[in-house]
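The figures that follow rest on heavy atoms only: side chains count, while hydrogens, waters and symmetry mates do not.
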Amino acid sequence: MKGIIFNLVEDVVTRDHGVDAWEDLLDEAHVQGAYSAVGSYMDDELDRLVLAGAAKLGVTPAELLRHIGRRSIPLLKDRYPEFFDIHTNSRSFLGSLNEVIHPEVRKLYTGATPPHFGFSDDADGSLLMEYYSHRSMCALAEGLILGAGDAFSQTLTVSQDQCKLDGYDHCTLRVAGT
């Protein structure tokens, strides 16, 4: 996993709980914590950080990943405004993930393997997003989607019609309010 993800986790933790909380989390997760944005790190380091953080806060790992994802969007918007400024709503922004944002991620962060999304519209007006990733971090994707709604002043809801963690080959995220 690329260090940019670890940097976002650190930024969210320090913004929400302070620098000491980040240091405590590193100790509890038994990880070093010196993450370069362009570096590559073992996925299990993020798993350990999430498990330690969830236990400390009394939430599930999925709840913590959603929170991290949601709180990461303002940070990403500050760092990469060009990805946001060309859009007027979250549906347009989310639709640019595969063709615009993730190719740029691959250019900026050699070796990055961002997820791939399939998109379709449901009869009820919801956006259906099929999430394909070997990491099974659909809760982080949910949080990022909610954060995209916040960035465009839209109240989104995200639910899952199916989840890879339940044995499916991909997750299907239903996004209402786009």
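In this structure the side chain of Phe117 reaches within 4.5 angstrom of the side chain of His102, judged on heavy atoms. Using a 4.5 Å cut-off on side-chain heavy atoms (C-beta onward), Trp22 and Val19 make no contact. Using a 4.5 Å cut-off on side-chain heavy atoms (C-beta onward), Leu49 and Leu26 make contact. Side-chain contact check for Leu8 versus Leu75: some heavy-atom pair is nearer than 4.5 Å. Residues Met1 and Met42 fail the side-chain proximity criterion, which asks for heavy atoms closer than 4.5 Å. Using a 4.5 Å heavy-atom cutoff, the side chains of Met137 and Pro115 are not in contact. Counting heavy atoms from C-beta outward, Leu64 and Leu57 have side chains that approach closer than 4.5 Å. Residues Val175 and Ser126 are not in side-chain contact: their nearest non-hydrogen atoms beyond the backbone lie 4.5 Å or more apart.
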Would you check, one step at a time, whether the test side chain to side chain contact (heavy atoms under 4.5 Å, CB included) holds for Lys2 with Val38? CA-CA 6 Å; Lys2 298 313 280 183; Val38 295; 5.5 Å; no
Applying side chain to side chain contact (heavy atoms under 4.5 Å, CB included), run through Asn89 and Gln154 and close with a yes or a no. CA-CA 8 Å; Asn89 60 57; Gln154 295 175 288; 3.8 Å; yes
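Listed for the Glu63 side chain is a donor-acceptor partner under 3.5 Å among the backbone atoms of Thr60. At distances below 3.5 Å, at least one donor-acceptor pair connects side-chain atoms of Lys164 with backbone N or O atoms of Ser133. No donor-acceptor pair under 3.5 Å is formed between the side chain of Ser92 and the backbone N or O of Thr88.
By the neighbour-count criterion of 12 heavy atoms within 6.0 Å, atom CD of Gln32 is sparsely surrounded, having that number or fewer from other residues, nucleotides or ligands. Around OH of Tyr168, the count of heavy atoms belonging to other residues, nucleotides or ligands within 6.0 Å does not exceed 12. Counted within 6.0 Å of CG on Asp78, heavy atoms from surrounding residues, nucleotides or ligands total more than 12; the atom is thus considered enclosed.
In plain terms, the two heavy atoms of Leu144 and Gly69 that are nearest each other are CD2-O, 3.3 Å. Across Phe119 and Leu94, no two heavy atoms sit closer than the pair CZ-O, 3.1 Å. Across every non-hydrogen atom of Asn98 and Pro103, the tightest pair is O-CD, 3.1 Å. Residue Gln160 comes nearest to Cys138 through the heavy atom pair NE2-SG, 3.3 Å, listed as atom of the first residue, atom of the second, then distance. Residues Leu97 and Met129 approach most closely at CD1-CE, 4.0 Å, considering heavy atoms. Closest approach of Ile73 to Ala151, counting heavy atoms only: CG2-CB, 4.0 Å.
Glu130 and Thr172 form no side-chain donor-acceptor contact under 3.5 Å, judged by distance and modelled atom types alone. No side-chain donor-acceptor contact under 3.5 Å links Thr113 and Arg106. For the residue pair Asp16 / His67, a side-chain donor-acceptor distance below 3.5 Å is found, with atom types taken as modelled.
Between the OG atom of Ser120 and the CG atom of Leu127 there is a distance of 7.5 Å, given to the nearest 0.5 Å. Within the model, atoms SG of Cys171 and CG of Asp161 stand 11.0 Å from one another, a figure rounded to the nearest 0.5 Å. Here Ser72 contributes atom OG and Asp11 contributes atom CG; the two are 8.0 Å apart, rounded to the nearest 0.5 Å. Distance check, rounded to the nearest 0.5 Å: OH of Tyr109 to OG of Ser40 gives 12.0 Å.
Under a hydrophobic-cluster definition in which Ile, Leu, Val, Met, Phe, Trp and Tyr are linked whenever side-chain heavy atoms come within less than 4.5 Å, directly or via other members, Leu173 and Leu128 are assigned to different clusters. Cluster annotation: Leu165 is not connected to Val59 through the hydrophobic network of ILVMFWY side chains, with a link wherever side-chain heavy atoms come within less than 4.5 Å. Tyr80 is connected to Leu140 through a chain of hydrophobic side-chain contacts under 4.5 Å among Ile, Leu, Val, Met, Phe, Trp and Tyr, so both are in one cluster.
No close placement of the Tyr131 and His170 rings is indicated, their centers lying 6.0 Å or farther apart.
The ring-ring contact (aromatic ring centres under 6.0 Å, His included) analysis of residues 39-63, with sequence neighbours excluded, yields the pairs Phe6-Tyr41, Tyr35-Tyr41. For residues 141-152, every residue pair satisfying the salt bridge (charged side-chain N to carboxylate O under 4.0 Å, His left out) rule, not counting sequence neighbours, is listed here: Arg66-Glu142, Arg70-Asp150.
Comment: Asp124 engages Arg174 in a salt bridge, judged by a side-chain N to carboxylate O separation of less than 4.0 angstrom. Between Asp121 and Arg91 there is a salt bridge, with a side-chain nitrogen of the basic residue lying less than 4.0 Å from a carboxylate oxygen of the acidic one.
Relative ring orientation between His87 and Phe93 is described as perpendicular, the plane-to-plane angle rising above 60° on a 0-90° scale split at 30° and 60°.
Under the rule for a side-chain contact (heavy atoms from CB on, under 4.5 Å), His30 has no partner lying at least two apart in sequence or in another chain.
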